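Written below as C-alpha cells is the structure these notes are about.
Note that the structure is a prediction, hence the values are computed from the model and not measured. Note that ligands are numbered from 1 as they come in the structure, with each ligand's atoms numbered from 1 the same way.
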Amino acid sequence: MTLSELRQKYLDFFKSKGHEIIPSASLIPENDPTALFAMAGMFPLVPYLLGQPHPMGARLASSQKCIRTGDIEEVGDNRHLTFFEMLGNWSLGDYFKPEAISWSFEFMISPEWLGLNPNRLYVTVFEGDENSPRDEESIAIWQAQFEVKGIVAAVGVAGRDEPVRGNDGPRIYTYPKEKNWWGPAGQTGPCGPDTEMFYDTGKEHDQSYGPVCHPNCDCGRFIEIWNDVFMQYEKKADGSYVPLAQKNVDTGMGLERTAAMLAGVPTVFDIQDFQVIIGAIEDKAKLKYSKSVDGFDSEAEQANRSFRIIADHIRAATFIIGDQRGVVPSNVGQGYVVRRLIRRAVREGKRLGISDLFLAHVALVVIGLYGGYYSELETNRQRIVDEISKEEEKFAKTIEKGLKEFERMSREHMISGAEAFILFSTYGFPLELTQELVQEAGAELDVVSFQEEFKKHQELSRAASAGAFKGGLADHSEETTRLHTATHLLHQALRQVLGEHVAQKGSNITAERLRFDFSHGQKMTPEEIKKVEDIVNDVIKRDLPVTREEMTVDEAKAAGAIGLFEQKYGEKVSVYTVEGFSKEICGGPHVTHAGELGSFKILKEEAVSSGVRRIKANIGI
Ligand code: SER
C-alpha cells in the first residue's frame with residue numbers, strides 16, 4: 001500500500017463513521033509562540049478541544065503534516081523522521097471510549113481495511129495513580145473486542161514489564177503516566193489517559209534492551225501504530241486535574257510507520273515512497289542503497305545512513321518551504337531548521353560522492369509523490385526548487401571556504417577543539433567534517449573542548465529559544481488571545497487608512513507583542529500611523545462586541561469577510577465580527593469585547609520585502 005492509499009483508506013473509514021475530513025493545517029502554527037511547527041494532528045484543534053465549537057462539527061478526521069525537530073540527530077537510523085504525517089480522528093464532546101476503541105480495532109483488523117492479524121495485536125492502558133484511576137473502562141472495551149474475535153487468552157491484563165507470552169498470554173498491558181497519558185508536558189490544559197496499540201513483528205527479543213520483552217520494550221519487536229487519547233481532564237496551574245465538561249477523543253496514527261508495518265519491511269525507508277526518493281538520490285550518487293543493511297559501521301551502512309538523511313531532510317525541507325505559510329532558509333526560527341536540513345543533506349551528498357547540485361532533483365520527486373494530496377507543493381513548486389538550490393549552492397561554497405580555513409589553521413599545529421568550534425560557528429563547518437579531516441591527518445580532534453565551547457554558546461542562546469521546541473499543547477494564554485484580536489482591529493484600520501489593497505501577508509504573536517505583515521508599497525507616514533492607532537483605540541473605547549459565526553467560504557466572501565483566500569479552508573469556516581467594524585475568517589480564539597484590549601500602540605513600522613510592510617504593536621491594560 002502506498003502512503004496515498006493508506007491515507008485515503010483511513011479518511012474513507014472515518015468518513016463512513018460520520019466524520020468530516022478536514023484539510024491539513026499549515027506546518028507553521030499561527031499565533032502560537034510556543035512551537036515552531038505543528039507536532040501532532042491535534043495541534044491546530046486546540047481551541048476546539050477546549051470547548052469552542054468547530055464549524056465542521058464534532059467528528060473530524062485528517063492527515064496532518066507534522067515536523068518534530070527534537071530527533072534530528074537520530075535521523076538515519078531505521079525509524080526516526082523529521083517530517084511525518086499523522087492520521088487522526090477526533091470527537092469534540094461527541095463519542096468517547098467505546099466508539100473510539102472499537103473503530104480503531106475494526107480499522108486495524110477488518111480485511112476490508114488494514115486486515116492485520118488480531119493475534120499479533122497488543123494494547124496498553126493507563127495503570128492509575130493519585131490523579132486518575134486505572135482505566136477500567138478501556139480495559140473492559142478491549143476485552144470485549146478480543147473476546148468477539150475468539151482470542152480469549154488476550155482478555156487477561158498484565159502489569160508493566162510482564163513478559164509477553166505470545167498466543168497464551170494477555171494482550172492488555174498497563175503502564176504509568178510516562179507511557180499512557182497524553183497532554184501538555186508540565187503545562188496546563190486538556191489531557192487524559194490514552195490507550196496505545198502495538199503490533200508484534202515476531203522479531204526475536206534483543207536482551208540488551210532488558211531481560212523481558214513487553215509492548216513498550218524498545219528492542220523493536222513491537223511497533224506502536226496508534227494512540228487513542230481520552231481527554232477527560234484539564235490540568236490546572238496548581239497541578240490538580242479537574243474533570244472536563246466536554247470529553248474529547250484525540251487519536252494519532254503515524255502514516256509512514258504504519259505503512260512500513262503493513263508492507264512487512266524493516267524500516268520506514270524501505271516503503272515504496274521512500275524508495276522512490278532514495279532512487280532519485282542514487283541517480284546522482286556513486287553508491288547504491290543496500291536494502292538489507294541496517295547498522296552504522298561498514299561502508300554500506302554509512303552510505304545507507306547518508307541516503308536516509310538526505311531523503312528525510314529534503315522531504316521535510318520541501319514541505320516547509322512549500323507550505324501554505326512557507327518559510328525559506330534563514331538564521332532564525334523555522335528558517336534555521338530548513339537551513340540545517342538542507343546543509344546536512346549537502347554534507348551527506350558529499351559523502352556519497354555527489355559533486356553536482358542535486359537537491360532540486362530530489363525535491364521534484366518529493367513534489368511528484370505528494371503534490372496530489374498537498375496541492376500547495378504544486379503551487380509553490382518554483383519557490384521550493386529555487387530556495388533549495390540557492391541554499392545548496394551557498395553551502396557548497398561555505399564548505400570550500402571552511403576547507404581553506406581548516407588548511408590555514410592546521411598548517412602549524414593540529415587544530416584544537418576551540419578552533420573546530422570557530423570553523424563550526426563562523427564557517428558553518430560541521431563538526432564531523434573537521435573530525436574526519438583531523439583523522440585523515442593521523443590525529444584525534446579534542447571533541448570534549450569543542451563541546452565545552454559549544455555549551456558555553458548554547459547556554460546563551462537557550463534562554464532566547466526556551467520553549468520553542470516544547471511539545472504538547474499551544475499556549476493560548478489570555479495575552480495571546482487579546483493580541484490576536486488586536487491584529488484583526490489593526491488589519492481593518494490599515495485598510496481604512498491606506499486602502500483596500502492592504503492584505504495580510506503574515507502574523508506572529510508572542511506574549512510581548514504582535515507582528516503583522518501586510519501588502520503596501522511605501523513607508524507609512526507618522527500621520528497614517530497615528531490615524532490607525534486612533535481608529536483601533538476608538539473601537540477599544542467603544543467596547544464593541546466580538547462575535548463568531550459559522551458559514552461556507554462563499555457566504556463569508558459574500559458577507560464581505562476578509563481572509564487568506566489562497567489558504568485551504570474546510571467546507572465551513574468561522575467568521576469573527578467586530579460589530580460594525582470588521583469581519584474576518586479566522587480560527588480564533590478571540591476576546592468577546594474589544595474593551596478587553598485596554599489600549600493599542602504601534603511600536604515599529606518597517607519594510608520586510610518589496611511591497612510588504614511590517615508592524616509591531618502592543619496593547620495595554
Ligand atoms: N496527540 C496524540 C499524539 O500525538 C494523539 O494524536 O500521539
Side-chain angles (χ1 to χ4, degrees), residues 6-7 10-11 13-14 19 21-22 24-25 27 29 32 34-50 54 59-71 79-92 94-97 99-101 103-104 107-108 123-126 135 138 175 177-199 215-216 222-235 244 246-258 261 268 469-476:
L6 176 57
R7 188 193 300 119
Y10 183 91
L11 298 177
F13 177 81
F14 281 100
H19 290 64
I21 310 306
I22 53 171
S24 172
L27 268 173
D32 180 359
T34 65
L36 287 178
F37 296 105
M39 287 181 278
M42 45 73 72
F43 225 68
L45 294 173
V46 172
Y48 311 103
L49 293 166
L50 287 167
H54 192 286
R59 291 184 182 190
L60 308 172
S62 75
S63 182
Q64 171 66 37
K65 304 183 278 187
C66 299
I67 295 257
R68 290 190 184 173
T69 48
D71 293 332
R79 60 182 190 281
H80 283 96
L81 296 171
T82 49
F83 171 87
F84 65 99
E85 289 176 71
M86 194 182 266
L87 301 167
N89 57 286
W90 290 274
S91 157
L92 304 170
D94 188 57
Y95 61 85
F96 205 46
K97 295 178 188 179
E99 296 88 343
I101 292 177
W103 288 338
S104 290
F107 182 66
M108 288 186 294
V123 301
T124 65
V125 296
F126 178 55
D135 191 356
S138 293
Y175 290 91
K177 267 216 180 77
E178 302 89 75
K179 296 286 181 199
N180 281 93
W181 192 271
W182 213 91
Q187 293 174 41
T188 53
C191 58
D194 64 31
T195 178
E196 301 189 352
M197 291 147 257
F198 292 81
Y199 200 63
N216 268 311
F222 291 94
I223 299 182
E224 186 202 330
I225 40 181
W226 207 344
N227 180 12
D228 289 358
V229 183
F230 305 116
M231 292 190 164
Q232 56 189 104
Y233 297 97
E234 181 173 357
K235 188 177 177 193
L244 274 174
Q246 173 183 311
K247 292 193 173 106
N248 306 303
V249 175
D250 154 34
T251 93
M253 176 188 252
L255 178 69
E256 293 82 353
R257 216 192 259 194
T258 305
M261 194 207 55
V268 287
F469 283 89
K470 244 187 280 165
L473 299 170
D475 172 19
H476 285 288

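Near Val229, the atoms of ligand 1 lying under 4.0 angstrom from a non-hydrogen atom of the residue are 2 (C), 5 (C). Near Met42, meaning under 4.0 Å from any of its heavy atoms, are these atoms of ligand 1: 1 (N). Taking every non-hydrogen atom of Arg68 and a distance limit under 4.0 Å, the qualifying atoms of ligand 1 come out as 4 (O). The contact set between ligand 1 and Gly252, taken as ligand atoms under 4.0 Å from a residue heavy atom, comprises 5 (C), 6 (O).
Among all protein heavy atoms, the one lying closest to atom 7 (O) of ligand 1 is Asn227 ND2, 3.2 Å. Nearest protein heavy-atom neighbour of atom 4 (O) of ligand 1: Trp182 CZ2, 3.3 Å. With respect to atom 6 (O) of ligand 1, the closest heavy atom belonging to the protein is Asp250 OD1, 2.8 Å.
In this structure, Met86 has a heavy atom closer than 4.0 Å to ligand 1. Remark: distances from the non-hydrogen atoms of Gln64 to ligand 1 are all 4.0 Å or more.
Between Phe198 and Asn216 the shortest side-chain heavy-atom distance falls below 4.5 Å. In this structure the side chain of Leu49 reaches within 4.5 angstrom of the side chain of Leu92, judged on heavy atoms.
The line from CG of Asp228 to CD of Glu196 is 9.5 Å long, rounded to the nearest 0.5 Å. One distance of note links OG of Ser104 with CE of Met197; it measures 4.0 Å at 0.5 Å rounding.
Contacts with ligand 1 closer than 4.0 Å are made by no heavy atom of Met253, backbone or side chain. The proximity of Thr251 to ligand 1, defined as any non-hydrogen pair under 4.0 Å, is limited to the backbone.
In terms of N/O distances under 3.5 Å, ligand 1 is not approached by Ala40.
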Would His19 and Tyr95 count as a ring-ring contact (aromatic ring centres under 6.0 Å, His included) if you check the C-alpha gap in whole Å, the side-chain angles of each, and the deciding distance to 0.1 Å?
CA-CA 11 Å; His19 290 64; Tyr95 61 85; 5.4 Å; yes
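Enclosure of atom NZ in Lys247 is not indicated, since only 12 or fewer non-hydrogen atoms of other residues, nucleotides or ligands lie within 6.0 angstrom.
Across all non-hydrogen atoms, the minimal contact from Arg68 to Ala40 is NH2-CB, 4.0 Å. Cys66 approaches Met86 most closely through the heavy-atom pair SG-CB, 3.9 Å.
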